[in-house]
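Just so we're clear, the structure is a prediction, and the values are computed from it rather than from any experiment.
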2 protein chains.
Amino acid sequence: MNIGAAAQACGLPPKTIRYYEDIGLLTAGRAANGYRDYGTEDIHRLSFVQRSRSLGFSVAECRQLLSLYTDRDRASADVKAIAEEKLGEIDRKIAELTALRVTLGHLVAHCHGDNRPDCPIIDGLSGDRAGPSKG
Amino acid sequence: MNIGAAAQACGLPPKTIRYYEDIGLLTAGRAANGYRDYGTEDIHRLSFVQRSRSLGFSVAECRQLLSLYTDRDRASADVKAIAEEKLGEIDRKIAELTALRVTLGHLVAHCHGDNRPDCPIIDGLSGDRAGPSKG
DNA sequence: ATAGGGCTTCCAGCAAGGGGAAGGTCAAGG
DNA sequence: CCTTGACCTTCCCCTTGCTGGAAGCCCTAT
């Protein structure tokens, strides 16, 4: 199976697959002509990484998960620890974005948004009620 | 005012201020000794960018906001349009992270997290209920 | 033989800076 | 006067996770 077909199968672009090989995340065999050659187990791994990435795991975390995926004797607690850490990160990001949304939402709500220059958003970003001094 | 003092005043690291100058976001005058020299208006602009960045605006957006900040005759609607676009982005990101949190939360909730190898998280990432085949 | 696709490699670059080297400057202390 | 140390300058490389492109090889079809 060439890289193009593998890409179709796992949902990752060929460039990304080569990149993952480049950084040592996944390896691939080579056919006689020098082309990368993928088997079904390779596709499983690629898909595993694709799903992990889409769930927000970094490439470094995917590397860990992949080794846990391969090691059939690891404790499920090892996997759960990584996932819970990631859950915490997601929660923190949501909280941060929510706070951001509130602040920006206030600014937007108070801006009349017409063709007059007076703008509470700019004033808010300026940190005072005046905007830039005029001269 | 040297860059270090300016950095203290606006809450941005010196490196970042130099970077902003490098990409043409902000300019600074030079003292006789070649050091960058900042006045109060420069500090206002730097602080403006710092607050904009901390509210999630990209550097490109800061560039727009900065020109709107400077232009005392622009319509507040121009500013509001950018802010509302950003608000939409924030909402989309929150929604995406929330969905992610639900999915990953389900996986974590179903993983017993003990020292047995059976792990619903790995199974979920594998896209089937088996994990990698053993042979 | 030739056209076209797909494959290979390497090189450059995006956001948004951070780290650190090599060297110029300035103010204080002995 | 000299040194020390903090600060400033420019420079380039590193990061994360890819993406695009150029040059060139391989394979298939006609």
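- Between the CD1 atom of I23(B) and the C1' atom of dC14(C) there is a distance of 12 Å, given to the nearest Å.
- Phosphate contact (OP1/OP2 of dT9(D), side-chain N/O of R36(B), threshold under 4.0 Å): present.
- Shown here are the side chain to side chain contact (heavy atoms under 4.5 Å, CB included) partners of A60(B), two or more places apart in sequence or in another chain: S58(B).
- Contacts of I3(B) with the nucleic acid, taken as non-hydrogen atoms under 4.0 Å apart, involve only primed sugar atoms and P, OP1 or OP2.
- Using a 4.0 Å cut-off between charged side-chain N and carboxylate O, K15(B) and E21(B) make no salt bridge.
- Within the structure, the salt bridge (charged side-chain N to carboxylate O under 4.0 Å, His left out) test picks out the following pairs touching residues 53-65 of chain A (sequence neighbours left out): E61(A)-K86(A).
- Taking atom CD on E89(B) and atom C1' on dA15(C), their separation rounds to 14 Å, with Å as the unit.
- Checked against salt bridge (Lys or Arg N to Asp or Glu O under 4.0 Å), D114(A) has the following partners two or more places apart in sequence or in another chain: R116(A).
- The CD-C1' distance, from E21(B) to dG17(C), rounds to 15 Å in whole Å.
- Contacts between residues 25-35 of chain A and DNA chain C, defined by a heavy-atom separation under 4.0 Å, are made by R30(A), G34(A), Y35(A).
- When the ring-ring contact (aromatic ring centres under 6.0 Å, His included) test is applied to F48(B), the partners found at least two apart in sequence or on another chain are Y69(B).
- dT25(C) atom C1' lies 15 Å from atom CG of D37(B), rounded to whole Å.
- Judged as a side chain to side chain contact (heavy atoms under 4.5 Å, CB included), and not counting sequence neighbours, the contacts of L100(B) are L55(A), I90(A), L97(B).
- By the side chain to side chain donor-acceptor pair (under 3.5 Å) test, R74(A) is found to be paired with no residue, residues two or more places apart in sequence or in another chain being considered.
- Without hydrogens or angle criteria, D71(B) side chain to D73(B) main chain gives a donor-acceptor distance under 3.5 Å.
- In terms of the side chain to side chain contact (heavy atoms under 4.5 Å, CB included) criterion, residue partners of N33(B) (sequence neighbours excluded) are, by chain and number, A31(B), Y35(B).
- Sorted by first and then second residue, the side chain to side chain donor-acceptor pair (under 3.5 Å) pairs involving residues 95-108 of chain A (not counting sequence neighbours) are R101(A)-D91(B).
- The bend of the helix from dA1(C)-dT30(D) to dG30(C)-dC1(D), defined by the angle between the axes of its first five and last five pairs, stands at 30° to the nearest 10°.
- Computed from coordinates, the D22(A) CG to dA12(C) P distance equals 15 Å when rounded to whole Å.
- D118(B) pairs by the side chain to side chain contact (heavy atoms under 4.5 Å, CB included) definition with H112(B), D123(B), not counting sequence neighbours.
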Legend entry - Contact letters for nucleotides 17-22 of chain D, in which S counts primed atoms plus P, OP1 and OP2 and B counts the base, heavy atoms under 4.0 Å: BBSBB-

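- Nucleic acid contact class of R18(B) (heavy atoms, under 4.0 Å, all strands): base.
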